[in-house]
There are 2 protein chains.
Amino acid sequence: MADSTPQLTRPRKRRRDPERTREAILEVSAKLMAKDGPEALSVSQVAQLAGVNRGTAYHHFQTREQLVKATTDWVSEKMTDAVFGDAEQQRNRPEVVLGNLAHFCVEYPEFGRVWLVRILSMEDRNQDHFWRQFKSQVDRFVASEAAHEGIDAEVHAVRVLTSAILWPVWMRSRSATPEEREEMASRFTREMMRLHLDGLFRKEKYSDLEMMPTHL
Amino acid sequence: MADSTPQLTRPRKRRRDPERTREAILEVSAKLMAKDGPEALSVSQVAQLAGVNRGTAYHHFQTREQLVKATTDWVSEKMTDAVFGDAEQQRNRPEVVLGNLAHFCVEYPEFGRVWLVRILSMEDRNQDHFWRQFKSQVDRFVASEAAHEGIDAEVHAVRVLTSAILWPVWMRSRSATPEEREEMASRFTREMMRLHLDGLFRKEKYSDLEMMPTHL
DNA sequence: ATACTGTTCAACACTGATGTATAAAATTGT
DNA sequence: ACAATTTTATACATCAGTGTTGAACAGTAT
């Protein structure tokens, strides 16, 4: 039985370009990892969808595990650049970071999802560049006088990240037009800012809130 | 080469109990699906960890795909019961639902995660029982006079669900003591209620909020 | 021209999983 | 005591993936 790998997607010959090949592989890898999780990733499938020979994939990444690692690292880098890449002085503005994050995740929902799965399964999360940046940004905000007192920074960080990353997945932004994606990002940031400014409850109409569930 | 399945976990003989066996398989299946995703689930591994023969697993679930489906259905049911199972009249209280949800997810983080992965990949989400209940609860709240005007119900629902489900995963509640888990649930609901009541910003100290990022 | 690098192709040994089948044991209900 | 059901134990055919190797081919640079 021949080792086919039948070159479905790119019959047309193309210029040699190792970096591009590498990126093409990584991109497909990220997409598949986002869909089925890192454990389900197969080099064969990646090669096929990327339109390269399986041998080529093994040439760039020695083993399946290394491909997984390379993909997650690559994604984390891209994400950090996109969210914190702009001018240093902007970093303290939470609404800018939120906007960047929402924008990035809507544009590249697979990357956000890969990052999320990775960070959830990491032993030491401080190893991750993006998380360190994000966390310190949140800590700075919580400690500032712009924030209410008593905010639980970790809950806050997890809440913002999970919802920003999964909102585009929920909305299937991948199969939307640029305009629709714009609207998705906009809806998200608008509602988050609204929430952060006013909360949900009209307190005057919802006064009996001391009655909290017993198990809390 | 022998088909081993070497019975690692349960050398001790036990009473026959088909329902229990079925549940044991489903439980392990859910745990593995939460860790590695449904695509990576293997019947062999499930059988091994559940301490039953592979044949038994195939006796209860004809194929791998059916096991995956049975697991997700089972999880969705359990979740609905846990969150909306109490008295009907309580349903309108958002803080009760939030408390139930937080509690359930901290106690059974795998179940929440399985449900989340499933719902994200479903074509028609209204097929899912839990989602229908949750969404209608949110819609009712948003339409009530207890809520601020202009809340985006879908963003709100996705935000609450994703963070409630992934917070315990983040905190690794699975390997915590009951007291620690209690504290995790408590931290989450406390912060969420605080957020829902007051928001994040002290508006008087953060007045220049009209300066939103351009791409929003 | 030549050497180098990236890429393709085919073959191979190996592992681990799926799904099927069948006989035998163990437990339960009647 | 008997029948039905559940569970175990094996075996087998099949498939898909991994990781390796060696030879060939195609652009690129010197």
Side-chain angles (χ1 to χ4, degrees), chain A residues 1-33 35-71 74, chain B residues 1-29 31-33 35-71:
Chain A
M1 188 193 318
D3 194 333
S4 55
T5 329
Q7 219 65 4
L8 289 178
T9 42
R10 199 172 16 170
R12 172 136 8 274
K13 89 177 62 170
R14 100 193 137 96
R15 299 233 153 287
R16 244 173 55 187
D17 189 342
E19 302 229 344
R20 229 189 172 87
T21 304
R22 198 188 134 90
E23 291 235 325
I25 293 171
L26 286 171
E27 232 163 274
V28 172
S29 175
K31 215 165 285 188
L32 289 179
M33 277 175 60
K35 192 160 67 83
D36 297 334
E39 301 307 312
L41 189 76
S42 109
V43 179
S44 301
Q45 207 186 349
V46 170
Q48 208 166 109
L49 292 178
V52 304
N53 191 278
R54 199 167 65 92
T56 308
Y58 274 103
H59 176 74
H60 284 271
F61 309 94
Q62 289 89 329
T63 69
R64 198 195 76 100
E65 284 310 313
Q66 289 205 29
L67 173 56
V68 170
K69 190 183 179 327
T71 306
W74 182 68
Chain B
M1 188 190 319
D3 194 334
S4 54
T5 330
Q7 221 59 8
L8 289 178
T9 43
R10 198 174 19 171
R12 173 135 9 275
K13 88 177 63 168
R14 103 193 135 99
R15 299 234 152 285
R16 244 169 58 184
D17 189 343
E19 302 230 345
R20 228 191 171 85
T21 304
R22 199 188 133 90
E23 291 235 323
I25 293 171
L26 286 170
E27 230 163 277
V28 171
S29 176
K31 215 165 284 190
L32 289 180
M33 279 176 59
K35 192 159 68 82
D36 297 334
E39 301 307 312
L41 188 77
S42 111
V43 180
S44 302
Q45 206 187 348
V46 170
Q48 208 167 105
L49 291 177
V52 303
N53 192 279
R54 198 167 66 92
T56 307
Y58 274 103
H59 177 72
H60 284 272
F61 309 93
Q62 289 89 327
T63 69
R64 198 195 76 100
E65 284 310 313
Q66 290 206 28
L67 174 56
V68 169
K69 189 183 179 326
T71 306

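Per chain, numbering begins at 1; letters A, B, ... match sequence-line order. Since the model is a prediction, treat every value here as computed from it, not as a measurement.
Scanning all heavy atoms of the two residues, the minimum distance from A:Ala24 to A:Ala50 falls at O-CB, 4.1 Å. The two residues A:Asp36 and A:Ala40 come nearest to each other via the heavy atoms O-CB, 3.4 Å.
Listed nucleotides: D:dG17, D:dT7, C:dA17. Nearest to the side chain of A:Ser42: D:dG17. The A:Asn53 side chain lies nearest to C:dT8 when the options are C:dA17, D:dA11, C:dT8. Comparing C:dG19, D:dG17, D:dT6 by their nearest atom to the side chain of A:Ser44 picks out D:dG17.
Counting non-hydrogen atoms under 4.0 angstrom, A:His59 reaches a base of the nucleic acid. If you check every strand for non-hydrogen atoms under 4.0 Å, B:Thr56 touches a base.
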Under 3.5 Å, sequence neighbours excluded: what are the donor-acceptor pairs made by side chains of residues 58-68 of chain B?
residue : atom : partner : partner atom : Å
B:Thr63 : OG1  : B:Glu65 : N            : 3.4
B:Thr63 : OG1  : B:Gln66 : N            : 3.1
B:Arg64 : NH1  : B:Pro38 : O            : 3.2
B:Arg64 : NH1  : B:Glu39 : O            : 3.4
B:Arg64 : NH1  : B:Leu41 : O            : 2.7

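For B:Tyr58 and C:dT22, the OH to C1' distance is 17 Å, given to the nearest whole Å. What separates CZ of A:Arg64 from P of C:dT15 is a distance of 18 Å, to the nearest Å. Going from atom CZ of A:Arg54 over to atom P of D:dT20 covers 11 Å, rounded to whole Å. Distance CG (B:Leu41) to C1' (C:dG19): 15 Å, rounded to an integer number of Å.
With sequence neighbours excluded, no residue forms a salt bridge (Lys or Arg N to Asp or Glu O under 4.0 Å) with A:Lys35.
At the phosphate of C:dG6, neither OP1 nor OP2 sits under 4.0 Å from any side-chain N or O atom of A:Thr21.
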